[in-house]
Protein chains: 2
Amino acid sequence: MSTEIWISQLQDNGYRITSARRAVVDTVYGSTHALTPIEVYDKARKKYRALGLVTVYRTLEKLEELHLIQRVHQPIGCQAFISAGVGHQHLLLCQNCGQVEFFDGDDLDSLTKNIARKTGYQIKEHWLQLFGLCVDCR
Amino acid sequence: MSTEIWISQLQDNGYRITSARRAVVDTVYGSTHALTPIEVYDKARKKYRALGLVTVYRTLEKLEELHLIQRVHQPIGCQAFISAGVGHQHLLLCQNCGQVEFFDGDDLDSLTKNIARKTGYQIKEHWLQLFGLCVDCR
DNA sequence: TTTTTATTGAAAATCGTTTTCAATAAGTAT
DNA sequence: ATACTTATTGAAAACGATTTTCAATAAAAA
Ligand SMILES: [Mn+2]
Ligand SMILES: [Mn+2]
Ligand SMILES: [Zn+2]
Ligand SMILES: [Zn+2]
């Protein structure tokens, strides 16, 4: 499990592999914190100085399109990205340090059935996110 | 239950009641769809032509501050607002027409306890949102 | 190596939002 | 009612984030 997985995915989808894209991939892949475009830019430029902010936006766009990263919605803003989890998962965020973890095993079936019955809605999907303090911050 | 409730709330908190604010309140209060600032502006200007977009932003800011409205996060964007529910509630959104409903009675206690145990996090709050098709759209 | 063309970063354009500011009008005191 | 104080207003300018344009470059194919 390394960044080469993402690189191959880009390649397999007809995208060329460049130094700029490697720098962005290296930065975002494996980050334990959600990163905004500017944050990606600042970090990635330490690996590849000539990198342009525009390319960060364009690369994030492609990674999101390939479901390799996902946008993280937070009270402070919704522009940050994190590696996408595999399969059906949800996020757990530390309100202090911004660390992100995935969890699965939520069982919302009886809940959604209930709501569907009460409201008449046909429920297609759900967003669930937990906020709290991580082991280091509690 | 009318817009006068919001008007009083504004008044009680030292804000003056103006035609511009009435137009915004009349537009947002009771809307079954989340509205963006521009959408509020377009609708409210039919009630009060001289209204400025700036005032829409400023009024929404105050309504949010008083917890009378809340921001709605969606895949397409996170700038829209809807009347805030009372107490602990969650949103149910129609993916077709954008209608918003509230629901309560979710019991996530055992889930959060589980996740807390597995991850070591101290969980403080949660976001839960359901998406689907409303009665009219299904 | 040569050729093709996707990708690049700089600069300009655009979009949503915020700030500035002088004029106005809401609420209060007279 | 009238005068007074000051919060509120909308227009214009400023701002920050994102997107578009474009000529130069470099990745991949021939
Ligand atoms: Mn789930
Ligand atoms: Mn809940
Ligand atoms: Zn933490
Ligand atoms: Zn609908």
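Letters A, B, ... mirror the listed sequences (proteins, then strands); counts begin at 1.
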Nearest whole angstrom, please: distance from the [atom2] of [N] to the [atom1] of [X].
{"X": "Glu61(A)", "N": "dT20(D)", "atom1": "CD", "atom2": "C1'", "result": "12 Å"}
{"X": "Ile7(B)", "N": "dT8(D)", "atom1": "CD1", "atom2": "P", "result": "13 Å"}
{"X": "Leu10(A)", "N": "dT7(C)", "atom1": "CG", "atom2": "C1'", "result": "13 Å"}
{"X": "Asn13(A)", "N": "dA6(C)", "atom1": "CG", "atom2": "C1'", "result": "15 Å"}
{"X": "Ile17(B)", "N": "dT8(D)", "atom1": "CD1", "atom2": "P", "result": "9 Å"}
{"X": "Leu53(A)", "N": "dA11(C)", "atom1": "CG", "atom2": "C1'", "result": "13 Å"}
{"X": "Ile38(A)", "N": "dC15(D)", "atom1": "CD1", "atom2": "C1'", "result": "14 Å"}
{"X": "Arg49(A)", "N": "dA10(C)", "atom1": "CZ", "atom2": "P", "result": "12 Å"}

Pick base, sugar-phosphate or nothing for [X], based on heavy-atom distances below 4.0 Å to the nucleic acid.
{"X": "Leu51(B)", "value": "sugar-phosphate"}
{"X": "Tyr48(B)", "value": "sugar-phosphate"}
{"X": "Arg21(A)", "value": "sugar-phosphate"}

Report task. Describe, in one word, how the ring planes of His126(B) and His88(B) are oriented to each other, choosing from parallel (under 30°), tilted (30 to 60°) and perpendicular (over 60°). Result -> perpendicular
Report task. Flag the pair Leu60(B) / Pro37(B) as yes when at least one side-chain heavy-atom distance between them is below 4.5 Å, and no otherwise. Result -> yes
Query raised in the report: Should Leu35(B) and Ile82(B) count as side-chain neighbours, where that means a heavy-atom distance under 4.5 Å?
Result: no
**Report entry** Position toward the 5' end of DNA chain C (nearest nucleotide), Gln79(B) or Tyr15(B)
**Finding:** Gln79(B)
Query raised in the report: Given dT9(D), is OP1 or OP2 found less than 4.0 Å from the side-chain N or O atoms of Thr18(B)?
Result: yes
Query raised in the report: OP1 or OP2 of dA26(D) sitting under 4.0 Å from any side-chain N/O of Ser19(A)?
Result: no
Nucleotide nearest [X] when distance is taken to its side chain, options [options]:
{"X": "Val54(A)", "options": "dG16(C), dA11(C), dG27(C)", "value": "dA11(C)"}
{"X": "Arg16(B)", "options": "dT9(D), dA7(D), dA28(D)", "value": "dA7(D)"}
{"X": "Arg58(B)", "options": "dA28(D), dT20(D), dA11(D)", "value": "dA11(D)"}

Query - Charged N-O contact under 4.0 Å between Glu101(A) and Lys118(B) - result: no
Report task. Decide if the gap between the ring center of Trp127(A) and the ring center of His73(B) is smaller than 6.0 angstrom. Result -> no
